[in-house]
Every structure is written in C-alpha cells, then in structure tokens.
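Accompanying notes for the structure given below.
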There are 4 protein chains.
Amino acid sequence: MNKKEKIMNAAINFFSENGFDKSALDDIAKYAGVGKGTLYLYFKDKEDIYIKSIKYIFDKWIEKMDEVIKLDLNASEKLERYLDVNIKQITSNMTLAKILMREIPNFLLKLHKSNKMGPMKIYKKREKHLNMIIEQGINSGEFKNVNKGIMANIIIGSINSYVMKYIFHSDKICEKDFKEYKKIILGLVKKEVK
Amino acid sequence: MNKKEKIMNAAINFFSENGFDKSALDDIAKYAGVGKGTLYLYFKDKEDIYIKSIKYIFDKWIEKMDEVIKLDLNASEKLERYLDVNIKQITSNMTLAKILMREIPNFLLKLHKSNKMGPMKIYKKREKHLNMIIEQGINSGEFKNVNKGIMANIIIGSINSYVMKYIFHSDKICEKDFKEYKKIILGLVKKEVK
Amino acid sequence: MNKKEKIMNAAINFFSENGFDKSALDDIAKYAGVGKGTLYLYFKDKEDIYIKSIKYIFDKWIEKMDEVIKLDLNASEKLERYLDVNIKQITSNMTLAKILMREIPNFLLKLHKSNKMGPMKIYKKREKHLNMIIEQGINSGEFKNVNKGIMANIIIGSINSYVMKYIFHSDKICEKDFKEYKKIILGLVKKEVK
Amino acid sequence: MNKKEKIMNAAINFFSENGFDKSALDDIAKYAGVGKGTLYLYFKDKEDIYIKSIKYIFDKWIEKMDEVIKLDLNASEKLERYLDVNIKQITSNMTLAKILMREIPNFLLKLHKSNKMGPMKIYKKREKHLNMIIEQGINSGEFKNVNKGIMANIIIGSINSYVMKYIFHSDKICEKDFKEYKKIILGLVKKEVK
DNA sequence: TATGAATGAGCTTTCATTCAT
DNA sequence: GATGAATGAAAGCTCATTCAT
C-alpha cells in the first residue's frame, strides 16, 4: 500500500466514524503514519482528501459489482448475486455502511453546492447496473415488464434501508431475514409462474 | 411562535442547508431575532438545538402522517394517501428534503454514538405506520400476505430514493412519474385481480 | 485607552520591531491584554490590524505636523519647527523611526499590490505640508524661487536619511549635528542675504 | 552563470517582488532550475540567501558607481554622472527600485537585530562616494564649503525619494523632471557664479 | 554533488460557550 | 429573562529545513 492509499484508508476510517468536520487531519496523519504536511503532498486540502477517499472506497466497491454484472448468468441469478454483493459487502464492513448512510448524502450535497457534480457519476453506477439487470430480465422473458428506472430506485432504496437497519440492530440481522428479503425483491420483478 | 420555536425554525433553516458543523450559532441567533446568549436559556448546547430542532420538524411531519393513518379508508387508499403525504410534502419543501437526506442519517449516527437513542423512536414512526397499513390490507384481504417488516422497509427506502432524485433533478420530477411510482408500489402489495 | 487602541498599540510595538510576518497575533493579543479572538471583533484580519495600526500612529504624528502648519510664523521659522517636529519626534521614539524606515515602504508596496491605495494619502501629507511651507516662503520673498515639488522631496528624503542614521548610530546623533542639518536645509531654500 | 549566481538571481526576483517572508524557497529553487536541497549546499539558510543576494545585486550596482568615481572628471560632472548612474539605473529596473525601497531597510534592521552589521558596510558605499565627490569639489573650489556628511545624506535621501515616486508614478517621471532635479542638487553644492 | 519527499513547528482564523450587565 | 462582548481551544494549512538516496 503506497502512501496515498495509506492516507485514504486512514481518512475513510475517521470520516466514516465522525463525519467530515469532526475528523481532524492531525489524527488522520497520525493514523496513516505520516506527517501532517505529507497530506498536502498528495491532496490539495481536506475536502480533496474527503472526496478522493470516498471515491476510492466507492470505486473498489463498484469493481465488485461490475464483476457480477459481467458474469454469464440469467437475470434472476444475477440480481440475487447483485444483492449479495451489495448487502453482504456492506453489512460485513461497518465503515462502508456508515459511508453509504451518512457520507454519501453529505458528499453529494457538498458537490451539488459547489457545482462539482463530476464525481457524482459514481453514485449513478448502481442505478445503471440495476437497469441493465432488469433490462436483461425483461428481454429474456424472466421479468415482468416493469418501469426500469423506478424499479431500480426502489431496489436501491431498499438496500439503503436494509443497511440502516443493520447499523442500528446489527445483532438482529440474520441470514434468514436476508433470504426473505431477497425473495421479496425477486418477487417484485419476476413473472408469476402458474 | 414563541422564542423556542423561533430558534428551532432558524436552526432548521441553517442545519438543512449547511449541515451541523457549518451552521454557526451566531447566524441562527441573528436569524431567529434573539441574542446569542438566549440560545442557552432554551437549549443545553449546540447539539441539543440540533436534536430538538430535527425532532421538532419531524414531529410536525409525523402529525400529518398520523392524520392519514386515522382516516377511515381501505388499505390501498390509505397507502396511496400515505405516499402522497410523504412524497408531496417532501418534494414541495427542499428544507425537509435535505433534512431527510442528510441530517437524519447524521442525526441517528450521532445519537447512536452518544447512546442517546431515545429520540430515535421518531424515526421508527414511518416503519410503524406502514406496518399498520400493510397489516390492515392483509387482514382485509386487499393485500398479499407479504412480510410486513421487509415490505415497510422497501417502501421507506423507495421514498428516500425518490427524494434524493428530487434534490438533484427537481426539474425532471413530474406528476406522471409520481403516478407511475405509486402504481408500482401498490402493485407490490395488492393482490392480483383475475 | 479603549480596547481597539490597546490592540493597535500592541500591534505597532511588534510590527515595528519584527515586521509584519514575524509578528504573531498571539503575542499582540497577550501584550494588549485581550484574548486572541478579541482581535477579530475589532479587525477583519491580520492585515487589517497592520494597516489600521500604521495609519493610527501615522495620523497621530500627522496631527502634530498639522499644528505646526497652522502656526502664525514666517516660512523659515515654520520650516525649522517642521523639521523639529519631524526629526525630534522620530528620534525620540524608536518605534516610530522603525515604522517610518521599514514598515511604511513595505506598507505602500503591499497597498500598491492589492490596489488599495486609498490609505496612501497619509503618506502624501508630508509632501503637501512642505509644499505649503515652501510656497509661503516664496510668496513672502523669504525663499528662492525653487521647484516646490522637487525641493519637498529632497527635504523628505533627507529626513528619512537622518532617521536611518539615527537608528544605527543613535548615540552619535547630537544636538549640534541637528542644528547644522537644519541650517543646511534652510540654506537650500532661503535667499542669500547680501 | 554558476549555480550560486542562478540561485541569487532567482532569489532577488522573488524577494524584490514579495519581500522576505512571502518568498518561498520552493519557488526560488524552481525558478533557479535547481533542487530545493541544493540551496543548502550554497547557503546556510533562507536568511543567508537573502543577505548574500541583496549584497550580490548591491555589489554589482556599486561597481557601476565605482567606475564613475574613478573617471577623470571635475566634481560637478562627476556628481551629475553619479546621479545618472543612480537614478537611471534604478528607474530602469523595477527590481532594483523595490529592493532599494523596501528590502534595504528591512535588510539593515535584520542585520542590526542579529548584530551582524558586517555586510552593512555595503550600504555606506554611497555615503563614501558622495563624500569623495563633494570633497573633490570643495578642494577644487567648485563647491561651497558644505558639511560633507550631511550633504551626502541629503543627496542620498533625495535619490530614495525620487525612487519611491518612480515606483508609484512611473509613468509621470520624465526626462525633463530628472534634469530639473539634477540642476537643483548641483545647485545645492556648486558655488554661485557672479 | 544534487535531489525532492517528508516533516512538524508555528501560524491565522473560527466559533461554541461563558458571564457581567 | 435577555444580551453580546470576550474568550481560547482547536483546527487547517504553509514552508524552512532535513536526509536518504
């Protein structure tokens, strides 16, 4: 892991735990094992560390999702795997969960305010992925002819809800619940079998 | 409007726009038309203003939702009205939308950290409401026998997704989209008609 | 002395001794007997403290010069008194001397760079004063018909030179020297007596 | 130009424009085309670069003045040429002008504070030169029997005033003004002709 | 000899909180 | 109750200097 990555890892650690303003560069530097001045060799300022770090962890996550999309599976299997990757990944990693829940909205509003919506495209990835899966399912006749955009948003929203639940009741989330959840989501899109 | 309310209104205004840390008590006091010291007569500290203000706006919103719940309607009509109240209210009020999107998660994580989960019950209200509506639908035979908890979460998540979309593309959100959205949500729970 | 003046006095003390950048607001606040934050109640930022403080001491000095100008004296006497006020005042006050020597040029270049030349008019006061005295002398027939502007500049330059000498050899500057100096300056402008 | 000179040239460039504290060694090294560490092979620290650079440009300038002193001219011609060298040189080179106006005083106070007055002798050169010219004039009967030291200081001061005027009103300074100025300075020392 | 990545002391500035009035 | 002047801890950021290469 090079120095830039060390810094981003440290940053993510504090940002996810305390949010942007309550995270001190002093702590991030110490945790990363570098001098405070070193941060400024790799990043322009605190916001730059924040944005690049969020994007960094997001990109790693998106990679995993992209892999699923490329698999040679039918739409139902793919959607199931996709939910696995999303929920399992997130709920096995409190940091990612907190980022998703608090920092992403904060991050988007920040970008929105400063008109730097470029990086926001990372956020649209999930929407795009789900659109692709649903389209595949419709074309292959597996899925009902639902409105892709709206359905994608419903699924994303449900993932987020699930994550939020996890953060506050992580003990009560179990494999059985998750199976039930997946079954319902699949039920939303799959054609009824007579 | 008494002084405490004036302060909370001012607070909401800044918190929703700039978040907790970027909102200055100086501005809040000025906007509320009271002295800075006065804030401390009504609230313990900044966080107390934050928590009470979020709760305040939330409660007013919950009241509206409670009204719907009490109406003498069948489950489908009630769910539709409930979505109306949620989406219409939120998307006609950017402040509320931003609170929902950014401050609520932040707020919950804050409470979670400081072990003051008491106020969090306000957040469970929507879950409870939806549970009630779905239960009514199931009992009356209108709705399929879905898992209430999971379905409630899916619906809440979809509302949140919808709000986020609104914040970033408020121009593109139209009545037609909303109708389609409602039809789909209702489709999730209603029994098929032969 | 009110708080703003206390701060400016403290500021002048450090700025004259160490220059702008080597003067710490921490020290200025401590010396002034106020909290660091208090500086920002009375001034916008460090540069504002600097500019206002320089202007402050300059203005007090200009007042003294203005008094001389208003005296009912002939031009020779007035010029002599003017040199007294300039040299005596400066050389009895190392702070003023250092301000004149280092901070004023620095100050002017700063203003020049930031295009805020408004306050520079304070610097033109001496030029104006001398122009007035010389004009009076010419009109009354006491002085030769010299070029006022150039002569005023020569006199100002000579004062500055004198001050610089003082800073580095304050021990060697004596009353006798000063008398000689004044005689020469007066000799530059006064008509020869047959 | 060797590396040391390259560095001093770069240094002068920044010091004259921004002063000591606002000039970054980073920029100086880059401008000089050497590594930042290299600065420390040739100089002890930033102040050393500053002092040696000022001295360097000063020495080059003094050389020019020395040449005039050595010329086989009468005192009046020499003084005129001396003013030419001073004013023309300075006012054709904003860098030199700014050094003279701001950095020299700063430089001298710095040296004075750290008791390293050795290099200050460079500053006395002009005084010495003028003393020599005036002495020559007095001895040859061209000049009045003025106090050399004081007269030298008056002339130096007038040059400085002239330079300051130039920096702020460089457009308005013209050949005609300069001629008038020289005539007056010469008038100060030359014997009246019946 | 030459480098530039790395450092951390030191700076300015902000702002929640206090308290005398 | 109501105020706002005063505070100082805490933060982000800069940059002269070092040192492994």
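Here is the naming used below: chain letters follow the sequence lines, and residue numbers restart at 1 for every chain. Values below: all heavy atoms of this structure, side chains included; hydrogens, waters and symmetry mates excluded.
Distances shown here put every side-chain N or O of A:K44 at or beyond 4.0 Å from the OP1 or OP2 atom of F:dC13. Look at C:Y42 and you'll find a side-chain N or O under 4.0 angstrom from OP1 or OP2 of F:dA6. Contact check, A:K3 against E:dA6: a side-chain N or O comes under 4.0 Å of OP1 or OP2.
Atom OH of C:Y31 is surrounded by 12 or fewer heavy atoms from other residues, nucleotides or ligands within 6.0 Å. In the displayed structure, D:Y56 atom OH is contacted under 6.0 Å by more than 12 heavy atoms of other residues, nucleotides or ligands.
Between A:F15 and A:F20, the ring-plane angle classifies as parallel under the 30° and 60° cut-offs.
Residues B:R102 and B:N18 approach most closely at NH2-C, 3.5 Å, considering heavy atoms.
In this structure, E:dT13 forms a base pair with F:dA10, meeting either the Watson-Crick or the G-U wobble geometry with both donor-acceptor distances under 3.5 Å. The nucleotide F:dT21 finds its pairing partner in E:dA2, both defining distances of the Watson-Crick or G-U wobble pair being shorter than 3.5 Å.
A straight line from CG of B:N2 to P of F:dA2 spans 11 Å, rounded to a whole angstrom. Taking atom CG of residue C:D45 and atom C1' of nucleotide E:dC11, one finds them 14 Å apart after rounding to whole Å.
Each of D:G35 and B:F20 was matched to the nucleotide of DNA chain E holding its nearest heavy atom; the match closer to the 5' end belongs to D:G35. Residue-to-nucleotide proximity on DNA chain E shows that, of B:L39 and C:K46, the 5′-proximal contact is made by C:K46.
Because its NZ or CZ atom is not both nearer than 6.0 Å to the ring centre of D:F43 and within 45° of the ring axis, D:K52 does not count as a cation-pi partner of that residue.
Listed nucleotides: E:dC11, E:dA6, F:dA5. Nearest to the side chain of A:T38: E:dA6. Between F:dG12, E:dA16, E:dA6, one nucleotide has an atom nearer to the side chain of A:K36 than all others, and that is F:dG12.
Looking at heavy-atom distances under 4.0 Å, C:F43 makes no contact with the nucleic acid at all.
Side-chain N/O atoms of C:N2 and C:Y42 include no donor and acceptor closer than 3.5 Å.
Listed by residue number, C:S23, C:A24, C:L25 are the residues of residues 22-33 of chain C with a heavy-atom contact under 4.0 Å to DNA chain E.
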